[in-house]
2 protein chains.
Amino acid sequence: MSKQAEFAVILKMNPMFADLGSDELQRIAGLCHTQQMAAGEVLFQKGDPGDALFGVRRGQIRIETGASDGSRLTLNFMGPGDLFGEVAVLDGQSRSADAAAGEATELFVLRREDFLAFLEREPKVAIKIIMLLCQRIRWQSERMEESMLQPLPVRLARRLCALAADFGSEVHISQEQLGVFVGAARESVNRQLQLWRKDGILDLQRGRILLNNLNKLTAVARNE
Amino acid sequence: MSKQAEFAVILKMNPMFADLGSDELQRIAGLCHTQQMAAGEVLFQKGDPGDALFGVRRGQIRIETGASDGSRLTLNFMGPGDLFGEVAVLDGQSRSADAAAGEATELFVLRREDFLAFLEREPKVAIKIIMLLCQRIRWQSERMEESMLQPLPVRLARRLCALAADFGSEVHISQEQLGVFVGAARESVNRQLQLWRKDGILDLQRGRILLNNLNKLTAVARNE
DNA sequence: AAAGATATGTGACTTATGGCACACTTCTCC
DNA sequence: GGAGAAGTGTGCCATAAGTCACATATCTTT
């Protein structure tokens with residue numbers, strides 16, 4: 001499969017581009033470049049202008065932020081097939097976190113100027129993008145308000161399910177970071193995980209969580 | 001001032017259009033119609049297609065929703081100068097609440113089809129709209145997460161300030177509805193309002209709140 | 001192997017908020 | 001003008017979650 005076709009597939013998997021026609025996706029994918037990164041190499045830092053969208057072809061990118069106490073917290077891992085910077089490529093605002101390669105990585109790069117020029121030539125696609133952004137706004141305002149009001153177990157279960165979708169049943173994350181994700185204290189996270197461990201839903205190791213029963217977890221996530 | 005210029009001013013006041021050039025705003029305003037409504041007349045109902053953006057020229061529109069128990073809850077009041085349906089006009093999704101005139105009202109109407117045709121003729125404006133939507137997405141994801149984590153007094157103060165901006169120092173709203181707005185129990189709302197009353201920040205009447213000291217309230221809203 | 005750093009487990013306490021119960025007041029409608 | 005509905009004020013208790021304190025347990029570095 002050509003690079004271009006491969007990138008089109010990745011775009012298609014992202015909700016932001018999923019509703020575009022495959023013809024349009026192919027043309028967008030045709031604008032892309034690729035970029036190699038060594039392990040540890042920095043892709044961008046907080047404050048850099050958001051001048052591109054990236055898709056991971058192979059390897060891993062860590063999205064992290066320098067916490068106020070100087071320590072670093074990983075906000076997200078992007079693996080093969082994952083896309084990030086969709087909003088930045090459109091509005092060019094500065095990055096809100098740092099990104100660095102966790103291992104040797106190859107990226108698809110769609111530069112902002114190329115994409116904007118394309119949109120200007122193709123107003124119909126621009127209008128589709130507008131509709132997709134609107135959907136996202138609606139989705140956000142529905143979910144967000146609801147989501148933060150959910151009790152901790154629900155928020156935690158949702159986050160774990162999301163992580164499982166990316167990394168399978170063995171999630172490599174500290175309870176501290178999990179706490180940051182769901183907006184809760186580490187201790188509260190730990191206590192809830194203990195309860196689930198006693199139910200056999202998961203197992204705990206240092207820096208790792210093993211999801212044994214994703215079904216029960218999704219049931220909690222649905223808040224039944 | 002011509003209707004068109006008047007509508008341009010209203011658009012300009014809305015963050016969604018504020019960054020467009022006045023030339024572009026004039027042309028958008030040129031697409032508008034006006035519509036008269038009698039008191040109590042229904043503008044749209046939940047589920048109707050979102051086929052227009054509205055601006056209140058004079059009068060009042062109530063945005064309400066039928067609650068599960070059959071009673072009606074007012075979600076918002078739109079007064080002269082207020083704009084609503086900005087997202088609907090772009091994506092055409094169905095309305096998520098009902099809207100009816102609280103009194104005799106005159107509206108500016110910008111129809112979806114007119115606006116989309118305009119965007120297709122003017123891709124540069126479409127791209128600006130895209131950037132504005134992106135800003136909104138960023139703003140939402142920053143604010144929302146933060147906002148729901150704020151303690152009740154902060155959320156309440158923010159909502160009261162927002163209402164004061166629309167209706168001046170006498171806000172006509174029940175404590176029950178205020179509770180729905182900020183996602184809190186009526187009793188909690190009442191207790192906080194009592195505290196502020198004792199500080200002379202506001203006065204309470206049946207179905208009404210009198211803001212005596214908006215400065216102190218905005219100080220609380222800023223969470224200092 | 002020793003020492004420090006990092007991650008996890010757990011108990012005790014505090015605080016914010018929700019929810020129930022009930023009294024009281026004001027409006028509305030017959 | 002009486003009855004009921006709707007809005008409000010307040011006490012009491014339950015619960016969820018944060019915070020602090022400290023014990024372990026596991027990695028890393030020298």
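Listed by chain and residue number, nothing satisfies the ring-ring contact (aromatic ring centres under 6.0 Å, His included) test with F17(A) (two or more places apart in sequence, or in another chain). In this structure A101(A) satisfies the side-chain contact (heavy atoms from CB on, under 4.5 Å) test together with M37(A), I61(A), T105(A), sequence neighbours excluded. Considering only residues two or more places apart in sequence or on other chains, F108(A) meets the ring-ring contact (aromatic ring centres under 6.0 Å, His included) condition with F7(A). Take D82(B) and apply the side chain to side chain donor-acceptor pair (under 3.5 Å) test, not counting sequence neighbours, and it matches no residue. In terms of the side-chain contact (heavy atoms from CB on, under 4.5 Å) criterion, residue partners of K216(A) (sequence neighbours excluded) are, by chain and number, I201(A), N213(A). Listed by chain and number, the residues in a side chain to side chain donor-acceptor pair (under 3.5 Å) with R197(A) are Q194(A) (sequence neighbours excluded). Scored by the side chain to side chain donor-acceptor pair (under 3.5 Å) test, Q175(B) finds N190(B) as partners (sequence neighbours excluded).
Within residues 207-214 of chain B, the residues that place at least one heavy atom under 4.0 Å from DNA chain D are, in residue-number order, G207(B).
Axis deviation across the helix from dA1(C)-dT30(D) to dC30(C)-dG1(D) amounts to 30°, comparing end segments of five pairs, rounded to 10 degrees.
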Item to complete: Please test R58(B) against E103(B) for salt bridge (charged side-chain N to carboxylate O under 4.0 Å, His left out), starting from the C-alpha separation and ending with a verdict.
Response: CA-CA 9 Å; R58(B) 59 180 181 78; E103(B) 50 189 83; over 6 Å; no
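Residue-to-nucleotide proximity on DNA chain D shows that, of S174(B) and R206(A), the 5′-proximal contact is made by S174(B).
Surrounding NE2 of H33(B) are more than 12 heavy atoms belonging to other residues, nucleotides or ligands, all under 6.0 Å away.
Rounded to an integer number of Å, the gap from CD of E176(B) to P of dA6(D) is 11 Å. As rounded to whole Å, 12 Å separates atom P of dG9(D) from atom CG of L178(B). Atom CG in D203(B) sits about 15 Å away from atom C1' in dT8(D), given to the nearest Å.
A donor-acceptor pair under 3.5 Å is formed between the side chain of R158(B) and the backbone N or O of A221(B). At least one donor-acceptor pair closer than 3.5 Å links the side chain of R155(A) to the backbone N or O of V182(A).
Residue pairs meeting the ring pair (Phe, Tyr, Trp, His ring centres under 6.0 Å) criterion with at least one partner in residues 187-217 of chain B, sequence neighbours excluded, are absent.
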Might you list the N or O atoms of the protein lying below 3.5 Å from N or O atoms in nucleotides 28-30 of chain D, with each pair's distance?
none

Below 3.5 Å between N/O atoms, which protein atoms pair up with nucleotides 18-20 of chain D? Just atom names and distances, please.
from    : atom 1 : to      : atom 2 : distance (Å)
dG18(D) : OP2    : A185(A) : N      : 3.1
dG18(D) : OP2    : S188(A) : OG     : 2.6
dT19(D) : O4     : R191(A) : NH2    : 2.8
dC20(D) : N4     : E187(A) : OE2    : 3.2

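In terms of phosphate contacts, Q175(B) brings a side-chain nitrogen or oxygen within less than 4.0 Å of OP1 or OP2 of dG9(D).
Checking K46(A) against S96(A) by side-chain atom types alone, no donor-acceptor pair falls below 3.5 Å.
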